[in-house]
Amino acid sequence: MRFAEVIVDVPAKAVNRPFDYAIPSALEAVVEPGSRVGVPFGKRVIQGFVTAVRDTSEVPANRIKELVHVLDPYPVLTPSLIELTEWMSSKYICSRISCMQAMLPGALKAKYDRMFAVQDQAGQTWMDTPMTQYVREKGEVSWDELHTMFPDEAAGIRKLLSDGILMERTRMKDRLQKKMQLVVYPHPSSTVLDKALADCPPQAKRQRELIAYFLDHPEPIVLSELLVKLEMNASTVKRVCELGCAEMKETEMLRDPYADRDFGQTTPLSLTIEQQEAYDRIVDALHMNELHTFLLHGVTGSGKTEIYLQSIATCLARQQEAIVLVPEISLTPQMVERFKGRFGDRVAVLHSRLSQGERYDEWRKLRQGQAQVVVGARSAIFAPLERLGLIIIDEEHESSYKQEETPRYHARDAALQRAKLEKAVVVLGSATPSLETYEAGLNGSLETMTLPNRVGARPLPRVHVIDMRHELKQGNRSMFSRPLHEAIVKRLERKEQMVLMLNRRGFSTFVMCRSCGYVAECPHCQISLTYHRHIQHIRCHYCGYTERELETCPSCQSQHIRYFGTGTQRVEEELVKLFPGIRVIRMDVDTTTEKGSHEKWLTQFGRQQADVLLGTQMIAKGLDFPNVTLVGVIAADTILNLPDFRGAERTFQLLTQVAGRAGRHELPGEVFVQSYAPEHYAIELASRHHYQPFANKELVMRKLRDYPPYKQLVLFTVSHEMANIAMNFTEKLGKVLKEKLHRLTRDYEVMGPVASPIARLKDRYRFQCMIKYARDLSVTEVIEQALEQLEDEIKNRQVRVTTDVDPYILM
DNA sequence: AGCACGCCGACT
DNA sequence: GTCGGCGTGCTC
């Protein structure tokens with residue numbers, strides 16, 4: 001007898017461990033580590049994942065049940081992915097089942113239905129009510145259906161259940177819908193076909209035509225394609241099938257979201273000396289067959305993608321597979337095209353715009369080895385590949401690699417961990433590496449390669465920083481400075497295009513003096529204060545420091561205090577007003593929700609059907625339009641002034657990215673950056689394309705203020721319907737954490753409690769506290785112990801606690 | 001997360 | 001006396 005260890009589909013701490021099941025002999029051959037199975041758990045049958053198969057079990061035989069289903073023809077998790085869930089659940093303090101679910105397409109997540117049937121006892125139909133009669137006729141009815149048909153009988157149903165007249169069970173099913181199509185399978189023997197053709201009466205022209213076609217094309221073909229191809233009627237095909245020349249079968253098809261697109265085959269470009277050197281080092285590492293991590297630090301337009309492509313080609317030639325992670329927003333058709341163009345059908349693409357079914361099919365292509373390269377957003381790091389050789393993370397610094405729901409993992413960290421398990425090579429690519437990665441380069445835990453020049457020796461665009469305080473003093477109250485205004489007019493005259501960006505992110509407004517650029521900051525945290533309109537206070541979201549809203553500027557006494565929060569819509573209005581006849585495409589979350597709209601707008605802009613592409617930071621990346629000669633940043637300070645210690649880093653990154661959109665081809669580019677703090681080092685150094693001085697300076701600041709990469713953070717958010725309960729519990733949590741941390745180290749800090757920037761969400765008040773500790777420390781156990789100690793209180797008072805390790809959004 | 005078991009209050 | 005509220009504890 002063999003036994004399977006199974007992680008069950010219940011995301012609760014109490015069952016976050018493997019349960020043992022006996023494997024019935026009929027299933028012994030198909031149950032493997034990674035198999036998705038159905039197991040009896042309590043009185044239900046639920047889904048689970050096998051983590052190991054063993055010959056013995058510690059659990060007393062009388063308590064062991066048998067697993068009842070194996071749900072797929074192959075294990076859905078690879079051994080490495082199973083192991084990765086151990087790291088992930090411990091690092092991010094979440095259940096293993098939630099990690100496993102994050103690794104798989106949504107189609108494989110189980111759905112559970114309560115099903116009802118009438119206990120069959122002959123001769124009892126005389127006691128039927130309309131409801132029992134209905135159930136009896138249907139055999140088995142789901143709770144949803146029953147409830148819609150008989151909305152007032154909830155109590156009646158309960159009664160019937162306890163009387164044993166109705167039976168209830170839980171039905172488990174997955175959400176996958178395989179795409180089925182009618183496929184025509186020609187008879188494999190040409191002699192049979194020849195004979196049929198000879199027997200076919202000459203007047204049956206279409207039938208003869210079809211049989212002749214089968215002789216030339218013996219491969220199976222989708223019915224609808226065949227009909228189009230031969231301009232034929234389905235009845236003809238049916239008749240020919242009846243003659244025994246072919247068979248028609250419902251067949252499961254893999255959807256190909258890119259089926260109707262023709263990606264022109266591209267060939268490797270010749271590499272510059274710098275590119276060649278980087279490529280060579282990656283290839284050397286691939287041959288070593290062990291974990292090796294590179295930072296590929298290349299300015300925008302330095303040709304990083306070509307290095308990726310050729311490294312992947314080498315990886316494939318070694319019979320190994322590759323993962324390419326790209327931030328969701330830059331997973332544009334342009335990007336997909338480059339990979340499909342080089343590797344064709346060997347590429348699977350995974351992104352959020354695919355339907356659930358499409359995503360499942362792309363996933364299966366990888367699982368079944370039909371595709372060996374995956375290009376995808378964050379979760380593609382869990383692609384089910386078994387011979388992984390290379391992981392590429394493009395735009396490594398992007399915050400979209402951090403998942404903001406449980407499990408709150410960071411794809412870069414997951415990649416490093418997975419590469420360690422699979423002895424793979426990791427390439428982190430960026431023009432503006434995150435400080436975490438840059439610092440890792442300095443301390444030697446990864447190898448840095450630099451591409452300081454653009455391909456073709458095109459110069460980086462000239463960046464003008466415009467002091468908006470000065471503009472105001474000169475009497476210009478518009479959102480466009482005069483230099484930017486002039487530049488726009490010039491482009492309109494010359495029929496060149498421009499990209500205007502307003503990085504309006506989040507909703508926190510910040511407080512600034514328009515005369516001198518003073519921004520209200522917390523005296524303890526060096527973090528800009530957030531305006532809370534309803535209480536007319538400004539407040540620090542890190543430590544809770546609060547003061548009254550400002551009437552005059554503490555620095556220059558002027559009354560030009562503004563609460564910032566201009567959106568793209570206002571800019572669009574203004575553009576139309578100032579430049580009559582201007583054609584604007586606005587791209588932000590409001591205009592790009594529709595499937596394919598992203599692509600549509602960009603195509604339109606590429607065809608020069610608009611003068612201006614106006615958008616949020618989603619337009620900052622990856623775009624490459626030859627006719628764009630002007631990039632304007634309406635307000636460079638918005639991120640700088642968010643309550644976030646990464647403000648300077650993000651500002652530098654964004655300005656560098658967006659500047660890289662200009663002048664990528666023959667026409668030289670110009671960039672205008674409007675700011676109320678042009679002397680800020682992030683803005684000033686970005687305008688001169690000076691990454692290293694920026695990173696070094698920012699690292700000093702981080703060290704000084706005890707922030708990552710030198711310290712680690714864990715953010716706890718507590719919510720409850722009552723504000724005081726939420727706050728009191730947060731305080732208590734902070735206290736318990738402090739006690740436990742204190743036993744482990746002196747090098748820690750507990751901050752808060754403070755109200756969350758989203759102070760109330762879905763009728764629940766939210767408070768948070770944060771711990772900060774030495775980065776070589778693991779605090780998983782401390783946190784687990786603290787939460788365990790408070791478990792009763794969490795349950796009784798119905799507070800909800802979320803734990804965010806290495807948070808990106810501090811709210 | 002469900003679900004059963006179990007111990008106290010308010011109804012036919 | 002029974003129905004049913006939700007506190008407690010378990011699920012291989």
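All values below were derived from every heavy atom in this structure, side-chain atoms included, with hydrogens, water molecules and symmetry-related copies excluded.
- Distance E791(A) CD to dC10(C) P: 13 Å, rounded to the nearest Å.
- Using a 4.0 Å heavy-atom distance criterion, P40(A) is classed as a sugar-phosphate-only contact.
- Computed from coordinates, the I7(A) CD1 to dC12(C) P distance equals 14 Å when rounded to whole Å.
- At the heavy-atom level, F41(A) lies under 4.0 Å from base atoms of the strands shown.
- Surrounding CD of E86(A) are more than 12 heavy atoms belonging to other residues, nucleotides or ligands, all under 6.0 Å away.
- Rounded to whole angstrom, the span from the CZ atom of R114(A) across to the C1' atom of dC3(B) amounts to 11 Å.
- Between R44(A) atom CZ and dA4(B) atom P the separation is 11 Å, expressed in whole Å.
- The only option from K402(A), Q768(A), M770(A) that meets the side chain to side chain contact (heavy atoms under 4.5 Å, CB included) definition with D804(A) turns out to be K402(A).
- When atom types are taken as modelled, the side chain of R775(A) and the backbone of P709(A) share a donor-acceptor pair closer than 3.5 angstrom.
- I64(A) has its CD1 atom 10 Å from the P atom of dC12(C), to the nearest Å.
- Following rounding to the nearest Å, M1(A) (CE) and dC12(C) (P) show an atom-to-atom distance of 16 Å.
- Across all strands, A14(A) comes closer than 4.0 Å to base atoms (heavy-atom distances).
- The side chain of N796(A) lies closest to dT8(C), out of dA1(B), dC12(C), dT8(C).
- Remark: aromatic rings of W363(A) and F382(A) are distant, center separation not under 6.0 Å.
- In this entry the distance linking NZ of K13(A) with C1' of dC10(C) reads 16 Å, nearest Å.
- dG2(B) atom C1' lies 13 Å from atom CZ of F19(A), rounded to whole Å.
- Side-chain proximity of K43(A) to dG2(B), dA4(B), dT8(C): nearest is dA4(B).
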